[in-house]
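Counting convention: from 1, in listed order, for ligands and their atoms alike. Everything quoted here is computed from the prediction, not taken from an experiment. Values below: every heavy atom of this structure, side chains too, minus hydrogens, waters and symmetry copies.
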Amino acid sequence: MKKSVLSGMRPTGRLHLGHLLGALENWVELQEKYDCFFMVADWHALMSEYEKPSDIRQNSLEIVKDWIACGIDPDKSVVFVQSMVSEHLELAMVFSILTPLGWLERCTTYKEQMREIKGRMLATYGFLGYPVLQAADIALYGAHYVPVGVDQLPHLELAREIIRKFHKLYKKNIFEEPDPMLTKVSKLVGLDNRKMSKSYGNFIALSDSPYDVKRKVYSMYTDPKRVSADVPGTVDGNPVFIYHDLFNPNKKEVESLKERYRTGKVGDVEVKKKLTTALNDFLDPIRQKRDGLTDEYIHGVLVKGADKACAIAKETMSKVKECLHQIYR
Ligand code: TRP
């Protein structure tokens, strides 16, 4: 039997090239070897967006379009929305009963977010329990592996602790202890040479139009020393060349641009023009696939996904209720 993998993303906006390199490409490959569950974590998004939830539905549809356009196959993997499978909340409740407050208060991600996210009231009961719900997401499907970035490791460790405590209390091992599957760190630099972030607006979205891509590339940060095309420039660590290396398949062109850049024989405009072409060639098939996906089609995918997820989630909850000596259907 294949081992299973579960991962999720919060539907807080369009996905960008950083998501593709950091997570999505990895997900697409995992589909071949594992039973994969890819979840839209809309409850998790609501924990920070609850004051203005109006974008959650469309964002959920759009994120699934991005996934499918990049190669996630809903016939191979279970693609679903967390809130469409109510067992997530049920198991989260059970886990919350046995999770000591100290484990949550100690959680570094919690403390960080409280400090960093401004303008939102996050000192809520729900937000403190963020990792408890995440533990439920994973345990519900007996996921063996959870592909995540390093930032999520504390949540994974907490999930393991909660699961161990459940097993110890009720003397029955009904869950898998999940292992993180660290995504090869591909922290794609932002267009302005800062960390790529939604709030900085310094990214190229998978759904950006060719014109948006051009506009964004032409405004990219390059070597600030180069006040004119004849000044020798720095290639290493220069975002324009980082992107060329990643997205321009014409290696000869890239090498020649680098050489001419170093010796002050090419203008930024030519470098950016070629990068625009390369990025648009890279994004075209994704855009094409994406454009063919209607909201209705995605909704259908998610209903089917929820059916598949529900069947497994219900079985798990029966086992949980058995352990808890509850009456159940
Ligand atoms: N917390 C994750 C994030 O912000 C999203 C998430 C929710 C998740 N549930 C999950 C990731 C379960 C992996 C497994 O990125």
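For ligand 1, the atoms sitting less than 4.0 Å from at least one non-hydrogen atom of A41 are 7 (C), numbered in the order shown with element in parentheses.
For the pair T222 and P239, the minimum side-chain heavy-atom distance is 4.5 Å or more.
Taking a cutoff of 4.0 Å between a charged side-chain nitrogen and a carboxylate oxygen, D268 and R226 qualify as a salt bridge.
D137 OD2, 2.8 Å is the protein heavy atom nearest to atom 9 (N) of ligand 1. Taking atom 2 (C) of ligand 1 as the reference point, the nearest protein heavy-atom neighbour is Q152 OE1, 3.4 Å. The protein heavy atom nearest to atom 7 (C) of ligand 1 is H44 ND1, 3.3 Å. Atom 10 (C) of ligand 1 has its closest protein heavy atom at Q134 CG, 3.5 Å. Among all protein heavy atoms, the one lying closest to atom 5 (C) of ligand 1 is G8 O, 3.7 Å.
Residue-to-ligand polar distances place Y130 within reach of ligand 1: an N/O pair is separated by less than 3.5 Å.
Aromatic pair Y243/F282: ring centres not closer than 6.0 Å. For F80 and F38, the ring centers are positioned 6.0 Å apart or more.
When hydrophobic clusters are built by joining Ile, Leu, Val, Met, Phe, Trp and Tyr residues whose side-chain heavy atoms come closer than 4.5 Å, directly or via intermediates, I162 is grouped together with L89.
Using a non-hydrogen distance threshold of 4.0 Å, M39 registers as a contact of ligand 1.
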